[in-house]
Amino acid sequence: MSADTDTLFSKRPDWADVTPIPQDDGPNPLVPIAYAPEYSDAMNYFRAVLSSKERSDRVLKLTEYLVRKNPGHYTVWQYRLETLMELTNDFTAELDFIESMAEDNPKSYQIWHHRQSIIAKTQDSTNEIAFINRALEEDSKNYHAWTYRQWVVSTFSLWDGEIPDVDRLLDDDIRNNSAWNQRYWVFKNRPQGFTDEDLEGEVQYVLERVLIAPRNESPWRYLKGIIKLQNKSLLDFPMVEQTCITLRDRGQALPHGLAMLMDINIERQNFEEARQICATLEDYDPIRQKYWRYRAKQLPQPEPNAHVDDVLRNT
């Protein structure tokens, strides 16, 4: 019988030998949950097989029925996984089932964890990047898809294809903060490391894109992070300051380009210029006005005029 039918399990002949275990909410439940009758009936049988530790094909049908009704039920997913591990070494059908579930429930952590557990067992990642890419086509910022992708890439050493994929995603949407994060993660964690030559290329890559979307915060954050990753300074890359100045002259530097100019002046110890930039940001970035005021207060204060001090002491 199909797992997605709503025929009560209590009415199914193949379950007649099982004594269902109802949910025990105590003698006087204050606010009992109003489960759908068919879901409650199925859960009664799930408690029974959980109690008896049954592993069988009918358990797989029962758990499929339940996770279709409630994709976030971790206990049901876990018992399904344990049953699969005992019954089979061929998980092709299960991977197809997971994909169909992920299409309808892309933000269900339990589904992604279940797939990860299956792939960890099979040690076959052949189709995983393609599967993840299909999920990202629907939602390019799906946190679960990106987290799973990092596990797949690091576990199976699939580093070589990551930057081209990230390039493609950023070409599609330059504001994809998840893709920027993935780019940094790859350079930070790949076995071959990250060289000064790589950094030069990345700085140029980012600057070309901030000129396209200067108010997009992600590449600015990425730029600071990737320079710091190589233990370099903003002052090591004059083209960063020049790009900020270009955007300022176009009236496009607010707020991120000016903020980076402020950081450059702080590294140069030009604190007065940095203070003036903070004042500009206070005026034109009102949402973070208190933050820029705070940043200004953290700057070293100018020393008092020595001549004035001498005059005051002699009066």
Side-chain angles (χ1 to χ4, degrees), residues 3-4 43 46 49-50 53-57 59-170 176-192:
D4 61 357
M43 281 301 300
F46 176 71
V49 299
L50 194 63
K53 297 181 172 58
E54 178 182 334
R55 316 284 194 193
S56 64
D57 287 337
V59 167
L60 294 179
K61 293 178 180 178
L62 172 63
T63 55
E64 179 181 343
Y65 176 90
L66 285 167
V67 296
R68 287 189 185 278
K69 293 289 185 181
N70 181 5
H73 201 313
Y74 178 80
T75 304
V76 176
W77 277 112
Q78 181 61 27
Y79 197 73
R80 179 179 181 83
L81 177 66
E82 293 169 1
T83 302
L84 282 163
M85 294 300 178
E86 285 195 19
L87 296 183
T88 185
N89 287 315
D90 183 359
F91 298 96
T92 304
E94 187 67 8
L95 292 173
D96 290 341
F97 168 63
I98 296 169
E99 179 151 10
S100 71
M101 289 292 292
E103 288 173 357
D104 294 331
N105 307 277
K107 298 296 181 69
S108 170
Y109 163 77
Q110 289 79 9
I111 293 172
W112 290 96
H113 176 72
H114 187 68
R115 189 172 184 104
Q116 179 174 325
S117 299
I118 297 293
I119 297 302
K121 171 70 173 178
T122 65
Q123 288 295 294
D124 182 2
S125 64
T126 304
N127 300 313
E128 293 316 284
I129 296 299
F131 163 69
I132 296 165
N133 283 341
R134 287 192 293 273
L136 292 176
E137 285 175 6
E138 297 299 319
D139 179 1
S140 63
K141 300 176 184 178
N142 185 334
Y143 171 80
H144 303 291
W146 283 110
T147 301
Y148 179 57
R149 188 184 190 104
Q150 291 184 356
W151 178 80
V152 170
V153 169
S154 57
T155 301
F156 299 100
S157 298
L158 303 179
W159 302 97
D160 291 345
E162 272 307 276
I163 294 303
D165 252 8
V166 170
D167 285 345
R168 175 180 56 79
L169 287 162
L170 288 174
N176 187 340
N177 54 298
S178 298
W180 284 109
N181 179 74
Q182 183 75 355
R183 192 177 191 90
Y184 179 84
W185 178 83
V186 170
F187 285 128
K188 182 179 180 182
N189 293 284
R190 65 182 186 176
Q192 64 264 45

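Index from 1, following the sequence.
Side-chain atoms of Q110 never come within 3.5 Å of backbone atoms of H73 as a donor-acceptor pair (strictly under, hydrogens ignored). W146 contributes a side-chain N or O that, together with a main-chain N or O of S140, makes up a donor-acceptor pair within less than 3.5 Å. Distance alone, capped at 3.5 Å, places no donor-acceptor pair between the T155 side chain and the V152 backbone.
Annotation for I118 and E94: closest pair CD1-CG, 4.3 Å, computed over non-hydrogen atoms. Pairing each heavy atom of T88 with each of D90, the nearest pair is OG1-N, 2.9 Å. Here the shortest heavy-atom pairing between L87 and R55 reads CD2-O, 3.9 Å. Minimum heavy-atom separation, H144 to Y109: CE1-CB, 3.8 Å. A145 approaches L136 most closely through the heavy-atom pair CB-CD2, 3.8 Å. For the residue pair P71 and M101, the shortest heavy atom distance occurs at CB-CE, 4.2 Å.
You'll find the side chain of W151 reaches within 4.5 Å of the side chain of F156, heavy atoms only. Counting only heavy atoms from C-beta outward, the side chains of I132 and N142 never approach each other to under 4.5 Å. Looking at L66 and L62, their side chains come closer than 4.5 Å, going by heavy atoms from C-beta outward.
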K107/D139 under side-chain contact (heavy atoms from CB on, under 4.5 Å): CA gap, chis, key distance, verdict:
CA-CA 10 Å; K107 298 296 181 69; D139 179 1; 3.0 Å; yes
Please report the C-alpha distance between L95 and E99 in whole Å, then the side-chain angles of each, then the deciding distance to 0.1 Å, and finally whether the side-chain contact (heavy atoms from CB on, under 4.5 Å) criterion is met.
CA-CA 6 Å; L95 292 173; E99 179 151 10; over 6 Å; no
I'd like to know whether V59 forms a side-chain contact (heavy atoms from CB on, under 4.5 Å) with E82, so could you lay out the CA-CA distance, the side-chain angles of the two residues, the decisive distance to 0.1 Å, and finally the verdict.
CA-CA 11 Å; V59 167; E82 293 169 1; over 6 Å; no
List the steps and the verdict of side-chain contact (heavy atoms from CB on, under 4.5 Å) for S125 and L158.
CA-CA 9 Å; S125 64; L158 303 179; 3.9 Å; yes
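Distance check: R80 CZ to E64 CD gives 5.5 Å after rounding to the nearest 0.5 Å. A distance of 11.0 Å separates NE2 in H113 from OG in S108, rounded to the nearest 0.5 Å. Put simply, CG on D96 and OG1 on T92 are 7.0 Å apart, with the number rounded to the nearest 0.5 Å. Between the CD1 atom in I111 and the OH atom in Y148 there is a gap of 13.0 Å [rounded to 0.5 Å]. Note that the CG atom of L170 and the CG atom of N177 stand 10.0 Å from one another [nearest 0.5 Å]. Between the OG1 atom in T147 and the CD atom in Q116 there is a gap of 9.5 Å [rounded to 0.5 Å].
Listed by first then second residue, pairs satisfying ring-ring contact (aromatic ring centres under 6.0 Å, His included) with a partner in residues 78-107 read F46-Y79, not counting sequence neighbours. Screening residues 115-125 for salt bridge (Lys or Arg N to Asp or Glu O under 4.0 Å) gives R115-E128 as the qualifying pairs, with residues at least two apart or on separate chains.
Remark: E138 CD is loosely packed, at most 12 non-hydrogen atoms of other residues, nucleotides or ligands lying under 6.0 Å away.
The aromatic rings of W112 and F131 sit tilted, their planes meeting at an angle between 30° and 60°. Below 30°, between 30° and 60°, or above 60°: for W77 and H114 the angle between ring planes is between 30° and 60°, a tilted geometry.
For D165, the side-chain hydrogen bond (donor to acceptor under 3.5 Å, both in side chains) test picks out N133, R149, R168, with sequence neighbours left out.
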